[in-house]
Amino acid sequence: MKNEILNLLVKATEQLAADGLLESVPAPELIEVSRTRDASHGDFASNLALKLAKLAKRNPRELASEIVARLPKNSRIEKTQIAGPGFINFFVSKAAARSIISTILAQTAQFGRSDYGAGRSVQVEFVSANPTGPLHVGHGRGAAYGAVVANLLEAIGYRVEREYYVNDAGRQMHILAVSIWLRYLELAGESLPFPTNAYQGDYIWDIGATLHREHGDAYRVPMTEIFTGIPLDEPQQGDKEAHIDAVIERAQTLLGAERYRTVFDLGLHTILANIRQDLASFGVEFDVWFSERELAETGAVERAIEALQAAGYVYEKSGALWFRSTEFGDEKDRVVRRDNGQTTYFASDIAYHLNKMERGFDTVIDVWGADHHGYVPRVRAALKALYGDDSKLNVLLVQFANLFRGGQKVQMSTRSGEFVTLRELRDDVGRDAARFFYVMRRHDQHLDFDLDLAKSQSNDNPVYYIQYAHARIASVMRQLHEKGLQLGEGNLTLLNDPHEEELVTTLARYPELLLNAAQAEEPHQLANYLRELANQFHTYYNAQQFLVDDAALRNARLSLCQAVQQVIRNGLGLLDVSAPEHM
RNA sequence: GCGCCUGUAGCUCAGCUGGAUAGAGCAUCGGUCUUCUAAACCGAGGGUCGCAGGUUCGACUCCUGCCAGGCGCGCCA
């Protein structure tokens, strides 16, 4: 409908130019048509006359009437009107508006989808939490957001690949390995000072126990051999970073490459399996799990550094290798290889993003926690240096979620192990509520997650509110069948009460809404829309009886209900929230 | 100190990429179940859109400067 009106306006402007009222035909992109906010302004409005007034050297209202006079006839437009400073309002004919019901019932699950993306490929990388511990509620938001963005893009015709970047290399993973080993040693009977910087969570004990169960004392080393000659830890007025690094090095020496790798892999695989499980039961699936370690072991990281070097963007300073990222807009240069010879996380990320580009995606989306925002310029710098272009990269930052219970903020800290895991959240409030609450707000806004509200089975809870609308319609249909009746052909022209007209308009808006939400990467638009649709339905439900004796009217109303149900089901589906038949 | 984000009703947030009289939920107050699920509906009050300038036909939206909050400024990831 919107496009139809757009075409009418294009024709009108062409005629306008032909008649000499405009010097040239304005670019079609200049023409805007939008939904009106107020029904008295019709269904659609265009500000075209306001925009062209200056070019045409006429006042906007006068120009508007010239435009209207040149609009081609269209049976789906009932009338037009010039209003306010010079808006052209379009009133869609009721028959044209109602036809959306048949469209929805015919297209079912496809309704709202489009081919805007025309099969172009987009990769969405999200979550990508370090496999050093269970996912917590902060990761949950990125997971829910990323998953829905991917769904939305798919719905408007993109070919989407969902990817999880596994940080299975680097210092944090070594700290994990050592943490597990030390817990194992404690279980084996050694008594030792557990480093401040090691992972404290209970899950470390569990993995240590597995190691002990499967290998007995094969990994046991006397505690004195480990800690003798190691820099002091923090409680002894030492440096906790130097301490843990030395313990890692000692562990590698004492265990040897093979045994060390076994401990390392046990930790990695256990935690990764746990993460996959958590995500799967949260309704989040990935096409690719991309390993950082593999990137390093296949030499991609080295090659990336060499490429930077060959291009002349690398220099050496105080033993380290630096990438001259300031040349591409970063605020300072960045180290890619430390003075101890290890490549940095950033070096891996350069190789990783280069790899993404080489895989040929048309667009690459990174969903990151907002605390990483300072990291964006350096990744862009690397792409500009090595790929010559960073325009395919789109970084979306997700702010943290604060949990509230009983009106109090729940305090969390990862390192100390005092965090609420994603699994606990799901067990607490349920998957549907968790998924919905996570995407209810803009991604770049802090989210106050009210646990009590998410759990409450009350009218305050927006998830249930929407689901209830869906279940209510299912219930009405059950009632119909209990009366021995079937849904038949209705007379849609009987749908002329204001509630029905309002619902029809809202339903017709769904495809536009979806396109908008997807393009803007804003799932909250869909969440808000569904709430509005549910609200209008509940109002309608209270105002009108559906199961009336007049079959033509009954079937018309039930068709409308079915259309509403279909759209709710489609929308909730994109949010990965269930649409129950009973509640 | 520098950079990024945010500031809209008592609270939590929308505001369709610059449009017409700034909206919703919660909370508060008052109503609605002998009728398809009251997990619902109807009504009322509640606003200097942080402050001050600027841009134009038109600003919550764009620009500048302040004020307040969050985050980031490692040879950590």
Side-chain angles (χ1 to χ4, degrees), chain A residues 32 34-38 40-41 45-47 50-51 53-54 59-60 83-87 89 130 132 167 169-173 175 197 241 292 317-322 331-332 334-340 342-346 348-349 369-377 397 399-400 404 407 440-442 444-448 450 453 456-465 467-469 471-480 482-483 509 512-513 516-517 519-520 522 524-525 527-529 531-532 534-535 537-548 557-558 561 582-583:
Chain A
E32 287 173 35
S34 58
R35 290 267 175 192
T36 56
R37 204 180 302 168
D38 189 327
S40 70
H41 297 142
S46 178
N47 59 358
L50 293 160
K51 287 195 138 182
K54 199 174 263 183
N59 86 56
F87 289 105
N89 293 335
N130 286 351
T132 52
N167 294 123
R171 185 163 171 263
Q172 295 304 322
M173 286 305 294
I175 296 177
N197 238 6
E241 306 290 347
E292 179 190 2
K317 193 178 85 183
S318 49
L321 228 48
W322 298 70
E331 56 187 23
K332 55 170 292 196
R334 309 292 174 177
V335 171
V336 289
R337 192 197 307 282
R338 298 208 266 157
D339 58 4
N340 66 7
Q342 283 175 6
T343 56
T344 57
Y345 173 87
F346 178 47
S348 294
D349 239 4
D371 55 334
H372 286 64
H373 69 80
Y375 198 75
V376 179
L397 301 173
Q399 289 286 353
F400 283 135
F404 283 80
M440 206 163 56
R441 304 292 179 221
R442 298 179 55 95
D444 55 1
Q445 294 270 6
H446 288 275
L447 172 71
D448 284 348
D450 186 335
L453 178 61
S456 75
Q457 302 207 343
S458 76
N459 45 355
D460 306 350
N461 191 331
V463 193
Y464 289 126
Y465 185 79
Q467 289 181 321
Y468 182 41
R472 250 186 167 175
I473 295 166
S475 169
V476 170
M477 295 311 291
R478 282 194 297 274
Q479 292 283 332
L480 176 78
E482 276 170 28
K483 291 186 176 186
R509 236 178 47 192
E512 297 159 28
L513 177 283
N516 229 315
Q519 285 177 304
E522 292 184 345
H524 77 276
Q525 288 193 30
N528 288 340
Y529 169 85
R531 183 149 40 163
E532 191 183 331
N535 176 11
F537 171 75
H538 287 308
T539 299
Y540 179 40
Y541 180 97
N542 278 40
Q544 292 287 359
Q545 191 77 15
F546 305 151
L547 300 178
V548 292
R557 287 184 175 161
L558 290 177
C561 287
H582 297 268
M583 283 180 80

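Atoms considered below: every heavy atom in the structure, side chains included; atoms not considered: hydrogens, waters and symmetry mates. Lettering follows sequence order; numbering is per chain, from 1.
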Taking pairing as Watson-Crick or G-U wobble with both contacts under 3.5 Å, can you name the mate of B:C36, or confirm there isn't one? none
For a quick check, tell me whether the side chain of A:N47 and the base of B:G19 share a donor-acceptor pair closer than 3.5 Å. yes
Could you tell me whether the side chain of A:H538 has a donor or acceptor atom within less than 3.5 Å of a complementary atom in the base of B:C41? no
Spell out yes or no: do the side chain of A:H372 and the base of B:G72 have one donor N/O and one acceptor N/O closer than 3.5 Å? no
Residue-phosphate contact under 4.0 Å: A:Q445 side-chain N/O, B:U12 OP1/OP2: no
Just the rounded figure in Å: distance from P of B:G69 to CG of A:D371. 21 Å
Checking all strands, does A:Q479 fall into the base, sugar-phosphate, or nothing category for heavy-atom contacts under 4.0 angstrom? sugar-phosphate
Within the pair A:N528 and B:G23, is there a side-chain N or O less than 4.0 Å away from OP1 or OP2? no
For A:F400 and for A:A320, find the nucleotide of RNA chain B with the closest heavy atom, then tell me which residue's nucleotide is more 5'. A:F400
Checking base pairs now: Watson-Crick or wobble, both atom distances under 3.5 Å. What partners B:C73? B:G1
With a non-hydrogen cut-off below 4.0 angstrom, is A:A469 in contact with a base, only sugar-phosphate, or nothing? nothing
Short side-chain N/O contact to B:U35 OP1/OP2 from A:K483, under 4.0 Å: no
Just wondering, do A:H41 and B:A20 stack (centres under 5.5 Å, planes under 30°)? yes
Nearest to the side chain of A:R441, which nucleotide is it out of B:A20, B:C57, B:C13? B:C13
For B:U17, is chi within 90° of 0 (syn) or not (anti)? syn
Residue pair A:V335 / A:F346: nearest heavy atoms and the distance that separates them: O-CD2, 4.1 Å
Would you please determine if the base of B:G72 is stacked by A:Y375, with stacking meaning a centroid separation under 5.5 angstrom and planes under 30 degrees? no
So does A:T539 reach the base of B:C42 with its side chain, donor to acceptor, closer than 3.5 Å? no
What are the two closest non-hydrogen atoms of A:E32 and A:S46, and how far apart are they? O-OG, 2.8 Å
Which label fits A:Y540 and A:F546: parallel for a plane angle under 30°, tilted from 30 to 60°, or perpendicular past 60°? tilted
By the rule that syn is within 90° of 0, classify the base conformation of B:C73 as syn or anti. anti
Hey, does A:A83 reach any base, or is it just sugar-phosphate, or nothing, if we go heavy atoms under 4.0 Å? base
Tell me yes or no: between the side chains of A:Q172 and A:N167, is some donor less than 3.5 Å from an acceptor? no
Under a 3.5 Å threshold, yes or no: a donor from one side chain and an acceptor from the other, between A:R337 and A:Q342? no
Would you say B:C41 has OP1 or OP2 under 4.0 Å from some side-chain N or O of A:Y465? yes
